[in-house]
Amino acid sequence: MAKALLWVAIGVVVLLAVGSLVVSLVKTLVSLAFYLIVGALVVGGLWYVFHRLRSAATRGDQR
C-alpha cells in the first residue's frame with residue numbers, strides 16, 4: 001500500500017513539474033509570436049510610408 005501511495009505521489013509531482021514547464025513554454029512562444037507580429041506590422045508600415053514618400057518626392061504628388 002505504501003509503495004502505491006509513493007508512486008501516486010511521484011506521479012503527481014512529475015505531472016505538476018511537466019505542466020509548469022509546458023505552461024511556461026507556451027507563454028514564451030505566444031509572447032514571441034506577438035512581438036514578431038507587431039514588429040512585422042511596424043516594419044511593413046514604415047516600408048509603405050517610405051515608398052509613398054519617395055515616389056511622391058521623385059515625381060511629384062499627382063493628386
Side-chain angles (χ1 to χ4, degrees):
M1 181 69 181
K3 204 173 199 181
L5 190 59
L6 178 66
W7 280 109
V8 169
I10 290 173
V12 168
V13 169
V14 169
L15 185 64
L16 289 174
V18 170
S20 175
L21 182 67
V22 167
V23 167
S24 176
L25 182 64
V26 167
K27 185 178 175 183
T28 302
L29 289 175
V30 168
S31 177
L32 178 65
F34 173 74
Y35 285 119
L36 286 174
I37 290 170
V38 169
L41 289 173
V42 168
V43 169
L46 290 173
W47 186 265
Y48 172 76
V49 169
F50 173 75
H51 281 288
R52 289 281 305 225
L53 289 174
R54 190 174 71 171
S55 67
T58 57
R59 62 178 163 80
D61 199 358
Q62 301 295 327
R63 287 189 268 172

- Short side-chain to backbone donor-acceptor contact, S20 and L16, under 3.5 Å: no

- Query: Sub-3.5 Å donor-acceptor pair from the side chain of S31 to the main-chain atoms of K27, do we have one?
  - Reply: no

Check the hydrophobic clustering (I, L, V, M, F, W, Y; side-chain heavy atoms under 4.5 Å; chains of links allowed) and say if [X] and [Y] are grouped together.
X: L15; Y: V23; result: no
X: L29; Y: I37; result: no
X: V30; Y: V38; result: no
X: L53; Y: Y48; result: yes

